[in-house]
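Structure record follows, encoded as structure tokens.
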Amino acid sequence: MTTERTTRGGEQRATEPTRSLERPDRARGARRDRPRGVPRKAALLAGLAAVLTGAALAACAVAPPRLHPVFPEGPAAEKPRGKILFVLSAAREQTLGDRSKRATGTFLGEFYEPYLALTGAGHEVVFATEGGAAPAIDPESLDERYWEDEAQRAEARRFVERAPQVRAPLSLKQARAAADAFDGIVVPGGQGVMVDLLDNADLHALLAHFAARDQPVGLICHAPAVLTRMRQPNPLSRRTVTSVSSFEELYIETFVMGAEAQVRDIGEQLEDHGYEHEAAFPGSAHALRDCNLVTSQNPFSTGRFSALYLEALADYRRGARCAIGGRP
């Protein structure tokens, strides 16, 4: 798998390629590393050309997880399947760096596919948003290029339009008050996260609550940016994570949004806050698990994310605790 590592010095390194960029239109975002004044499209094309020729890459190893699950020595009863809290964005509009506006929200596949995986495994999912408002869906996430199955895309749209539990979610304050009723939390991505969840104190408290109890915490695509706004240190500090990559940020700014996001360079920000950030080749399916923290890179990573999250959830139900190097 090709893994891009964004370091504090700004350099990017990678190991073996995961897949080619023959269809760059399937990448959902991309960050730029360029001097000011250079057109975004030119910077993107130059960067992609460098990646394809290998001119900008040097071998490196993916950082290992910081924490590992440690199980009780004696027999322990497995916890019953519990509820999982999904926190969705209700932000319907985003202001870009040039002050223009665009419709935004939660990325549909990034919440619906993990929802199917968890409910299919017998877990109940409960939804929450800021203020208990109906969640917003990013129009970009309805594009067919993000879906391998047209029937599932239509099913997902019907679900968010009609399902009572989605149309009338809990407020984040209600979810925070009932946090002990849940076994874990998932925050899907989308630019809406950057509007109403990034600095949300209730969400920060929920993440810290689940992390301190070694319960699964799932952050998808843009959602790991929330880690950079939480008070440090916290139970999630200094973990190995992934998120939307630099090239993917640049791609969506150039070809979808038409301007830079106000909050960007997420990988660098995570590194600056002490996290080990790893990102795979643009458009690759890439997710990482650091004990009870599961993060993923883009809309094409939801299958891998769901598998790792279910693993973390199963370990929690078997009594696992998180420890450095697997030591209790």
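In summary, E161 and R158 do not engage in a salt bridge, as defined by a charged side-chain N under 4.0 Å from a carboxylate O. With salt bridges taken as basic N to acidic carboxylate O contacts below 4.0 Å, none links R81 and E124. A salt bridge links D315 to R289: one of the charged nitrogens lies within less than 4.0 Å of a carboxylate oxygen. With respect to the salt-bridge test (charged N to carboxylate O, under 4.0 angstrom), the residues R102 and D138 qualify. Here R145 pairs with E140 in a salt bridge; the nearest charged N to carboxylate O distance falls below 4.0 Å.
Between the side chain of D214 and the backbone N or O of A320 there is no donor-acceptor pair closer than 3.5 Å. H204 places a side-chain N or O within donor-acceptor distance of the main-chain N or O of L198, the cut-off being under 3.5 Å. R239 places a side-chain N or O within 3.5 Å of a backbone atom of D290 that can act as its donor or acceptor partner. In this structure, the side chain of T240 engages the main chain of P64 through a donor-acceptor pair within 3.5 Å. Under the 3.5 Å distance criterion, the side-chain polar atoms of D183 are left unmatched by any main-chain donor or acceptor of I84. In this structure, R153 contributes its side chain and L142 its backbone to a donor-acceptor pair below 3.5 Å.
Counting heavy atoms from C-beta outward, L118 and F86 have side chains that approach closer than 4.5 Å. Here the side chains of P135 and V166 are in contact, with some heavy-atom distance below 4.5 Å. Looking only at side-chain heavy atoms (C-beta outward), L288 and V294 stay at 4.5 Å or farther from each other.
For E73, the salt bridge (Lys or Arg N to Asp or Glu O under 4.0 Å) criterion is met by no residue, not counting sequence neighbours. Shown here are the side-chain hydrogen bond (donor to acceptor under 3.5 Å, both in side chains) partners of Y309, two or more places apart in sequence or in another chain: there are none.
For the atom pair H273 NE2 and R238 CZ, the distance stands at 12.0 Å (nearest 0.5 Å). R264 CZ to M257 CE: the interatomic distance, rounded to the nearest 0.5 Å, is 9.0 Å. S141 OG to Q191 CD: the interatomic distance, rounded to the nearest 0.5 Å, is 12.0 Å. The distance from atom CG of L293 to atom CZ of R66, rounded to the nearest 0.5 Å, is 11.0 Å.
The shortest heavy-atom contact between G131 and S171 is C-CB, 3.8 Å. Among all heavy-atom pairs drawn from T242 and T295, the shortest one is N-OG1, 2.9 Å. When every heavy atom of R176 is checked against every heavy atom of A201, the shortest pair comes out as NH1-O, 4.1 Å. Closest non-hydrogen pair, A175 versus L85, comes out as CB-CD2, 3.9 Å. Closest approach of S89 and T106 over heavy atoms only: N-OG1, 2.9 Å. Nearest approach of A223 to P188, heavy atoms of both residues: CB-O, 4.0 Å.
Remark: of the listed residues Y146, W147, F159, F107, F159 is the sole one forming a ring pair (Phe, Tyr, Trp, His ring centres under 6.0 Å) with Y112.
Judged by distance alone, the side chains of R321 and N292 never bring a donor and an acceptor atom under 3.5 Å apart. H222 and S243 form no side-chain donor-acceptor contact under 3.5 Å, judged by distance and modelled atom types alone.
Annotation: cation-pi pair R318/F71 present, NZ/CZ under 6.0 Å from the ring centroid and within 45° of its normal.
Under the 4.5 Å side-chain heavy-atom criterion for Ile, Leu, Val, Met, Phe, Trp and Tyr, L227 and L206 are members of the same hydrophobic cluster. Both I185 and L172 are part of a single hydrophobic cluster, where members link through side-chain heavy atoms under 4.5 Å apart. Linking ILVMFWY side-chain heavy atoms closer than 4.5 Å, directly or via other members, places V263 and L203 in a single hydrophobic cluster. Cluster annotation: V193 is connected to M230 through the hydrophobic network of ILVMFWY side chains, with a link wherever side-chain heavy atoms come within less than 4.5 Å.
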C322 and H68: CA distance, side-chain angles, deciding distance, side chain to side chain contact (heavy atoms under 4.5 Å, CB included) verdict: CA-CA 5 Å; C322 294; H68 300 270; over 6 Å; no

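Counting non-hydrogen atoms of neighbouring residues, nucleotides and ligands closer than 6.0 angstrom, the CZ atom of R157 reaches no more than 12 such neighbours.
Below 30°, between 30° and 60°, or above 60°: for F127 and Y115 the angle between ring planes is between 30° and 60°, a tilted geometry.
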